[in-house]
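Owing to the predicted nature of the structure, the values given are computational and were not obtained by experimental measurement. First listed ligand is number 1; within each ligand, the first listed atom is number 1.
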Amino acid sequence: MAYTQFIDGALTTGSAKESWVNYNPANNNVLGEVCQATEEEIDAAICSAEKAFRVWKNKTGAERGRVLLKTAEILRLRLEKIASLETQDVGKPISESLAVDVSSAADALEYFGGIAATIHGDFFDLKNAFGYTRPEPLGICAGIGAWNYPIQIAAWKAAPALACGNSMIFKPSEFTPATALELAKAFIEAGAPAGLFNVVQGDGRVGAMLTNHPQIAKVSLTGSVSTGKKIFAGAANQLKKVTLELGGKSPLIIFEDADIHNAVSAAMLANFYTQGEVCSNGTRVFVQRKIFDSFLKQLKERTEKIRLGDPTDPDTQMGAVISKAHLEKVIRFIDSGKSAGATLLTGGFRPEKDFKGRDITAGNFLTPAIFTDCEDSMEICKEEIFGPVLSILTFDTEEEVIERANNTDYGLAAGVFTNDIKRGHRVIHELQAGTCWINNYNITPVELPFGGYKQSGLGRENSFAAIQHYTQLKSVYVELGNVESPY
Ligand code: TXE
């Protein structure tokens with residue numbers, strides 16, 4: 001099959017000038033051909049999005065909200081189909097796609113569909129006058145996605161954008177072209193005007209063309225820090241708004257009074273869920289020295305029981321990483337950890353059989369890895385690996401671990417496990433991170449803002465906080481008397 005553009009309410013047809021093969025990470029079978037959008041197609045998407053914006057911006061919030069809510073309903077009705085597409089595109093277990101990806105997309109559409117009618121300005125009673133503010137839409141917004149949560153990322157960007165009256169052109173990652181097209185179809189079926197949510201396929205070149213296009217008012221990226229810096233630079237010469245949801249190397253701190261079973265569960269979720277391909281993962285696991293041995297024993301035992309294999313099997317708990325190239329990148333990090341003197345306690349190798357004895361050598365599989373004897377200065381403790389590699393570190397005091405946890409250019413997320421309520425809040429308040437958890441990890445309800453400090457990004461997704469990133473505020477002063485003038 002061909003993954004083409006979705007412009008003005010329909011999939012485009014015709015042969016592509018440039019295309020590449022999309023592979024299934026679990027077996028590297030060919031899923032289809034991804035068609036790189038041409039400049040003409042991007043112009044058509046812009047023209048269509050402008051037309052839709054002119055209609056959409058005059059809708060009331062309630063009218064916009066109804067379309068978002070209907071879109072969410074359609075996604076939920078198609079949960080199995082879309083989840084299956086996501087699993088074959090990303091390589092993640094079907095249990096995850098069914099439980100998280102599609103539902104999280106629908107949650108965002110429902111949340112912003114629900115608040116669309118409540119987006120409002122303020123009124124100010126002044127001396128013989130009054131003032132008011134108007135949160136106004138920006139125009140055509142570009143969304144650019146990463147490959148780990150394709151439909152969630154597309155919906156987390158489209159939902160607030162459309163709720164605020166904008167139109168959106170979305171470019172999925174070149175590795176996962178499929179489910180953004182399902183979202184586009186759902187919007188049309190829900191009654192959105194053609195062109196309100198267009199999809200263009202392509203690699204960074206198409207992303208750069210959108211970023212630099214003068215009719216694009218804002219760019220929202222989910223991707224790596226390096227790409228975020230390129231987009232920020234590209235937007236700078238037009239002073240274009242950006243939201244950047246980037247990478248991280250987040251700390252997960254386990255104090256000696258923590259519930260060990262819960263802390264181990266969180267450490268595993270923070271490193272092995274979605275094969276570790278989650279930006280907010282707690283990949284530096286700091287364990288207070290007194291409980292280190294008992295924590296590590298349970299972590300190793302439970303990690304070695306993870307059911308790695310065919311992602312389409314409902315019993316599978318861990319699938320394949322996105323591509324051969326990414327698998328090799330993760331393995332290079334594992335080799336660097338060993339060279340630096342860390343101990344590879346378990347995992348980190350390519351299995352031939354999965355947990356049901358099936359041959360999985362054709363896929364990009366890697367057993368979940370745990371490194372001990374780590375030092376903060378090691379590359380595996382400083383750089384984002386974006387794979388199933390957990391680095392465990394020990395600490396003694398609260399002051400020490402806060403200092404070490406903050407010693408990074410990243411600042412996306414952080415977690416603390418303790419039963420001392422004062423210590424939990426005291427420590428989390430000192431951690432330089434935008435998205436934090438106490439006694440859990442990576443739980444992202446749409447009501448809470450999601451985003452990072454420092455080089456992990458700019459702006460926030462989800463929650464009412466996202467509204468400010470998709471509107472511009474107009475002040476209006478209304479005179480009820482005369483103009484007092486000295487002239
Ligand atoms: O990112 P890439 P990937 C991060 C995660 C990791 C990375 C993995 O931490 O670092 O994303 O995803 C497009 N101008 N997050 O490899 O390579 C590219 O085509 C415009 C953080 O996909 O940065 C793709 O669509 N666009 C996140 C997108 O950028 C460009 C959660 C991302 O590609 C471009 C998930 C350019 N010059 C992953 N170059 C979070 N914080 O929420 C590339 N692209």
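- Near L246, the atoms of ligand 1 lying under 4.0 angstrom from a non-hydrogen atom of the residue are 21 (C), 27 (C), 40 (C), 41 (N).
- Atoms of ligand 1 found under 4.0 Å from any heavy atom of L412 (numbered from 1 in listed order, with element): 41 (N).
- Annotation: atom 13 (C) of ligand 1 to nearest protein heavy atom, I144 CG2, 3.6 Å.
- For ligand 1, the polar-atom distance check finds an N/O of E245 within less than 3.5 Å of one of the ligand's N/O atoms.
- Between N212, N148, T222, it is T222 that holds the heavy atom closest to atom 32 (C) of ligand 1.
- Proximity annotation for atom 28 (C) of ligand 1: of G145, A146, G223, G145 comes nearest, heavy atoms only.
- Those atoms of ligand 1 that come under 4.0 Å of a heavy atom in G207, given as number and element, are 14 (N), 20 (C), 26 (N).
- Among all non-hydrogen protein atoms, the one lying nearest atom 14 (N) of ligand 1 is A208 N, 3.5 Å.
- When hydrogens are left out, the protein atom nearest atom 3 (P) of ligand 1 is W147 NE1, 3.3 Å; that is the closest non-hydrogen contact.
- The distance from ligand 1 to the heavy atoms of F450 drops below 4.0 Å at these ligand atoms: 42 (O).
- A salt bridge links D101 to K92: at least one charged side-chain nitrogen sits closer than 4.0 Å to a carboxylate oxygen.
- Every atom of ligand 1 is numbered from 1 in the order shown, and the set under 4.0 Å from a heavy atom of G247 is 9 (O).
- Proximity of P25 to Q275: side-chain heavy atoms (C-beta onward) are nowhere separated by under 4.5 Å.
- No donor-acceptor distance shorter than 3.5 angstrom exists from the side chain of T418 to the backbone of G424, with no hydrogens or angles considered.
- Under the 30°/60° scheme for interplanar angles, the aromatic rings of F170 and F197 are found to lie parallel.
- Nearest to atom 1 (O) of ligand 1 among the protein's heavy atoms is S224 N, 3.6 Å.
- Open room surrounds CD on E39; 12 or fewer heavy atoms of other groups in view lie less than 6.0 Å from it.
- Atom numbering of ligand 1 starts at 1 in the shown order; those under 4.0 Å from a heavy atom of L221 are 28 (C), 29 (O).
- The side-chain heavy atoms of I231 and V242, taken from C-beta on, include a pair separated by under 4.5 Å.
- Here CG of L31 is found 7.5 Å from CG of N29. Values are rounded to the nearest 0.5 Å.
- Side-chain contact between P172 and P150 is absent, with no heavy atoms from C-beta onward closer than 4.5 Å.
- Residue contact annotation: S173 has a non-hydrogen atom under 4.0 Å from ligand 1.
- A donor-acceptor pair is defined here as one N or O able to donate and one able to accept, closer than 3.5 Å; such a pair exists between the side chain of Q317 and the backbone of R307.
- When each atom of ligand 1 is checked for a heavy atom of K171 under 4.0 Å away, the hits are 18 (C), 19 (O), 24 (C), 25 (O).
- For atom 9 (O) of ligand 1, the closest non-hydrogen atom of the protein is E384 OE2, 2.5 Å.
- In terms of protein heavy atoms, atom 5 (C) of ligand 1 is closest to F386 CE1, 3.3 Å.
- For atom 36 (C) of ligand 1, the nearest protein heavy atom (residue, atom name, distance) is G204 O, 3.7 Å.
- E174 OE1, 2.6 Å is the protein heavy atom nearest to atom 19 (O) of ligand 1.
- S104 and W156 are linked by a side-chain donor-acceptor pair at a separation below 3.5 angstrom, with hydrogens and angles left out of the test.
- Taking all heavy atoms of N281, T227, I385, I322 into account, the minimum distance to atom 33 (O) of ligand 1 is reached by T227.
- The distance from ligand 1 to the heavy atoms of I231 drops below 4.0 Å at these ligand atoms: 14 (N), 20 (C), 26 (N).
- Interatomic distance, CD of Q432 versus CD1 of I402, reported as 10.0 Å (0.5 Å rounding).
- Looking at S265 and R302, their side chains do bring a donor and an acceptor atom within 3.5 Å of each other.
- Side-chain contact of Y470 with T243: a donor-acceptor pair under 3.5 Å is absent, judged by distance alone.
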